[in-house]
Amino acid sequence: TAYRGKQGGTFNPVANRPCTGEEVLQLTTCINPLTGLGETANLNEARTNVLDNFENLDTYGGRLSVDWNIGGATLTAITAYVWNRRELNQDQDMSAAEIISSPLWRERARQFSQEVRLASAGDTDFRWIVGAFYLNENLNSFTNFQFLGAFNPNPGQPFFDPANSIIGLGRRYTQKTDSTALFAQADWEAVPDLTLTAGFRYTWDTKDLNFITFAGPVGAPGGEVVPTVGLLDADPASFAVDDPIVTQDSFNRPTWRLAAAYKANGDTLLYASYNRGFRSGGRNSGALTAPIEFSRVDAERNDAFEVGVKTDLLGRRLRINTAAFYYDY
């Protein structure tokens, strides 16, 4: 995939003032105050010093599902595997000047999951399902950022001048996630046409992160930053390239579902539900230079309430569905 972009100037050199929003959108009136460059109005033309801007993404996956009827129930096993790789080369400043670029960005991810569940068979007044779920994910990421490479006195050769911000920054981390859950749900037709639903799930998530960022010269061989100074590592105050930061975060939460559905007649269904959902937190893996950036991200929770009506009218030639919901996130 080829990248295109515009640097979007913000200074009007003729009027000697910042550009208005309308002038910025014209693309031909304003210049970038850092580079002094302007752009063309043709959106298909971009001035960039990185001629091979690209993003390559490869993804493979597979899924195997097995159902086994064992008398009054059905046993289901679902096994899944996903692998993907992402490579990126991008001119971050999108200008002809070498100000900020990412000459190397590599990510690899592998995910395996297994679910086993047992469900009641047949359409009875009481239906149930119980099960267990496991997921394992491994993520590897390496990112380069080159700053002010245009001021390298020997282009193509390594040059390191932190005092003037002529530096390359590298960020490398691996994250392993293990998620386990047990769940159950039951549907009970308490009286004719009224079905009550109750479901419960408990999830245990653990995330292990091995994280480091460092600085080195721009123009390093192969575009990869050679670690010279440690920024975020096991001892970020030392400035020596130290061991990575190793963290482990756990998030254990219950979630549930309560619902009722009533068939007022053959063509009208009224329902109401309350669902609690959650998503695990983690760490800010986008941190780069300051320890405060490497913050812990709390888990997210959502309480969702919904009521609605589903109708089929005029001999099922007209369908009207309405709903109202409230989220406490």
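As the structure is a computational prediction, the values presented were derived from the model and not from experiment.
For the atom pair OG of S141 and CZ of R171, the computed distance is 6.5 Å after rounding to the nearest 0.5 Å. With values rounded to the nearest 0.5 angstrom, D208 atom CG is found 11.0 Å from R283 atom CZ.
A donor atom on one side chain and an acceptor atom on the other are found under 3.5 Å apart for T74 and N69. A donor-acceptor contact closer than 3.5 angstrom is absent between the side chains of E306 and Y326.
Summarising the local packing, CD of E22 is surrounded by 12 or fewer heavy atoms from other residues, nucleotides or ligands at distances under 6.0 Å.
Ion pairing of K207 with D249 is absent here, as no side-chain N (NZ or NE/NH1/NH2) approaches a carboxylate O to less than 4.0 Å.
Applying the side chain to side chain contact (heavy atoms under 4.5 Å, CB included) criterion to I100, with sequence neighbours excluded, gives Q92, D93, F147.
Counting only residues at least two apart or on different chains, the side chain to side chain donor-acceptor pair (under 3.5 Å) pairs with a member in residues 145-162 are D161-N164.
Heavy-atom minimum distance, A264 versus L270: CB-CD1, 3.7 Å. Of all heavy-atom pairs spanning G216 and T228, the tightest one is CA-OG1, 3.6 Å.
No side-chain donor-acceptor contact under 3.5 Å links R86 to the backbone of N56.
For the pair R201 and F133, the cation-pi test (distance below 6.0 Å, angle within 45°) is passed.
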Test ring-ring contact (aromatic ring centres under 6.0 Å, His included) applied to W188 and F126, step by step: CA-CA 5 Å; W188 177 40; F126 185 79; 7.5 Å; no
